[in-house]
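From a predicted model like this one, the values you see are computed outputs, not experimental measurements.
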Amino acid sequence: MTTNLSDYPLLANINTPDDLRLLSQEQLPAASQELRRFLLNSVSKSSGHFASGLGTIELTVALHYVYNTPFDHVIWDVGHQAYPHKILTGRRDQLHTIRQKDGLHPFPWREESEYDVLSVGHSSTSISAALGLAVAAEKENKNRKVVAVIGDGAMTAGMAFEALNHAGDINKDMLVILNDNEMSISENVGALNNHLAKMLSGSFYAGFREGSKKILGNLPPIKELASRAEEHLKGMVVPSTFFEELGFNYIGPIDGHDVNGLVDTISNMKNLKGPQILHIATKKGKGYEAAENDPIKYHAVPKFDPTEVNLPKSAPSLPTYSAIFGDWLCRTAQDDKDLMAITPAMREGSGMVEFSQRFPEQYFDVAIAEQHAVTYAAGLAIGGKKPVVAIYSSFLQRGYDQFIHDVAIQNLPVLFAIDRAGIVGADGPTHQGAFDLSFLRCIPNITIMTPSDERECQLMLTTGYQLGEPAAVRYPRGSGTGAQLPEMSETIEVGKGLVKAQGENLAILNFGTTLSEAEKVATELNATLVDMRFVKPLDETLLLELANSHSTFITVEDNAIAGGAGSAVNEFMLSQGVTIKILNIGLPDQFIKHGTQAEIHQELGLDAKGILEKIQNFLN
């Protein structure tokens with residue numbers, strides 16, 4: 001895709017932030033408008049994250065204008081809002097490749113650019129990393145500045161507050177920008193508040209503040225009175241108390257779409273000592289009315305026509321596994337008021353919109369707080385409720401200790417509906433669900449199920465829900481196969497696999513939705529095909545029977561080979577003293593890059609052709 005840069009006279013000449021800093025401050029509003037138009041034009045043609053980036057246009061311009069990047073460090077939390085940053089840092093002409101195989105990474109990525117200080121994807125890591133960089137910068141003694149930009153819900157995670165608490169305690173020079181895109185800027189916090197923010201961040205006020213503290217330092221009663229007066233004055237115009245108590249100097253909220261106001265305030269704050277918070281108010285989707293009106297729908301978009309009112313509707317397809325889960329959740333809650341559904345800020349992605357509307361008293365969005373979500377579920381279970389935690393595979397990693405300590409050790413009846421298991425596609429290494437079977441399988445007191453289609457998925461959800469102990473059902477992103485759903489009351493026997501086809505010599509043991517590809521291979525090789533269903537407990541009886549009548553086992557899974565379902569088979573056969581050839585097929589020992597699910601499966605040999613080639617090479 002080519003873009004006519006003559007439509008962007010200022011942006012066309014910005015190949016690095018050094019070029020941006022050649023502009024006069026009066027040109028920055030025009031440059032911001034060009035950047036917003038370019039982002040709209042590019043993402044509408046390529047697809048990708050959208051509304052968050054529209055909301056950070058002016059902030060991105062201001063940061064790269066004020067700071068000497070990449071010498072100064074600017075860290076973006078999550079990374080959804082970093083498309084404008086990529087455009088200004090030498091990747092403008094490659095933006096149309098973002099999230100595509102061999103194209104730009106969807107988030108800031110250290111291997112991609114020296115301007116990407118921290119590789120990100122999961123939220124709430126920016127302040128911790130920035131504090132580490134600030135300590136390193138102090139020891140380096142080159143006057144390097146450090147900024148963390150956090151927003152898009154990331155401030156709801158406990159990790160962010162852990163970092164704030166530590167930063168305030170050790171008092172290092174750093175700036176945290178809280179990008180608040182939920183706050184509307186009404187008149188009473190508009191121009192007046194912007195003026196006060198500039199005043200409070202300016203050298204006169206800062207000098208007066210510090211100087212007065214020194215002068216009054218030996219006069220406790222007067223010092224206390226002056227401190228109270230200062231807090232009273234600031235408390236009238238800014239919600240500063242919380243951050244001030246943590247040891248931060250708080251400025252804001254200011255208009256995050258006033259680029260010159262941002263430049264003035266950030267310039268003033270740049271050389272302030274100690275930890276600083278700048279609270280800016282932005283609008284997600286700013287400058288594109290449809291995205292402003294529905295920022296959730298426009299958070300990530302397919303290719304679309306910016307002149308049309310609505311996003312294009314995708315062609316009718318089979319229900320996704322997320323939708324199957326959401327439907328199961330609603331139908332189960334109709335008959336069971338003890339069901340409690342929990343999500344860490346992934347209502348839409350986990351298929352829970354209808355449930356949240358129909359059963360608001362049984363629905364809990366705990367925000368981006370995976371650790372809390374798991375232990376909260378434990379508390380509900382102890383209280384006699386039946387919690388279901390809907391969580392992405394890669395996000396469950398963040399609640400691992402709580403899974404062990406608060407659920408598994410206490411053998412509590414919590415069902416984990418693990419979405420986005422296996423290869424997820426365009427979001428890349430930070431979001432691939434590559435490890436859940438490996439990190440869950442070693443935990444006692446847990447049943448782990450891998451459905452091969454949507455019928456199996458519903459059966460396993462019901463089975464796990466009724467089990468009365470910790471259970472996990474892991475399923476992929478994307479659509480099912482069109483399998484007929486069972487009756488809601490149907491369950492399956494725990495730890496029992498299904499022989500789908502009887503063959504000779506070779507037994508293909510499949511775990512999960514790779515079954516359809518494995519089936520093609522079994523037909524080609526006249527192999528026995530087994531839908532193993534359970535990773536824990538394994539169907540040990542079936543494995544021993546198969547070992548007596550077959551010479552070779554092939555295990556297939558959409559999970560890391562290391563420690564995965566195939567490893568469980570290996571361990572069991574060794575423990576029984578059974579000698580049999582085994583080939584484990586799954587994800588290799590590397591972080592899996594971004595691309596479509598089909599592209600990555602093909603590249604890694606997890607499609608029928610690749611599975612067949614691996615088996616033939618192994619046998620030969």
Should [X] and [Y] count as side-chain neighbours, where that means a heavy-atom distance under 4.5 Å?
| X | Y | answer |
| --- | --- | --- |
| Lys297 | Leu311 | yes |
| Met532 | Asn510 | no |
| Asp77 | Ser123 | yes |
| Ile324 | Leu485 | yes |
| Leu506 | His550 | no |
| Val414 | Pro470 | no |

Between [X] (side chain) and [Y] (backbone), is there a donor-acceptor pair under 3.5 Å?
| X | Y | answer |
| --- | --- | --- |
| Asp116 | Trp109 | yes |
| Asp453 | Ala483 | no |
| Ser479 | Thr320 | no |
| Lys286 | Arg36 | no |
| Thr97 | Gln94 | yes |
| Ser42 | Leu39 | no |
| His122 | Thr430 | yes |
| Glu289 | Gly285 | no |
| Thr450 | Arg533 | yes |

Taking only distance into account, with no hydrogens and no angle test, what donor-acceptor pairs under 3.5 Å do side-chain atoms of residues 325-333 form with protein atoms, sequence neighbours excluded?
residue : atom : partner : partner atom : Å
Asp327  : OD2  : Arg331  : NE           : 3.1
Asp327  : OD2  : Arg331  : NH2          : 3.2
Trp328  : NE1  : Thr332  : OG1          : 3.3
Trp328  : NE1  : Thr462  : OG1          : 3.0
Arg331  : NH2  : Gln458  : OE1          : 2.9
Thr332  : OG1  : Trp328  : O            : 2.7

With sequence neighbours excluded, residues passing ring pair (Phe, Tyr, Trp, His ring centres under 6.0 Å) with His85: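 So His85 forms a ring pair (Phe, Tyr, Trp, His ring centres under 6.0 Å) with His64, Trp76.
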
For Tyr321, ring pair (Phe, Tyr, Trp, His ring centres under 6.0 Å) partners two or more places apart: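 Counting only residues at least two positions away or on another chain, Tyr321 forms no ring pair (Phe, Tyr, Trp, His ring centres under 6.0 Å).
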
Is the centre of the [X] ring less than 6.0 Å from the centre of the [Y] ring?
| X | Y | value |
| --- | --- | --- |
| Phe439 | Phe435 | no |
| His594 | His431 | no |
| His80 | Phe50 | no |

So, [X] and [Y], do they make that salt bridge, N to O below 4.0 Å?
| X | Y | result |
| --- | --- | --- |
| Lys593 | Glu603 | yes |
| Lys337 | Glu361 | no |
| Lys609 | Glu613 | yes |
| Arg99 | Asp427 | yes |
| Lys385 | Asp338 | yes |
| Glu490 | Arg455 | yes |

Pair Phe395-Met346, side chain to side chain contact (heavy atoms under 4.5 Å, CB included): steps then yes or no: CA-CA 10 Å; Phe395 297 165; Met346 296 309 297; 4.0 Å; yes

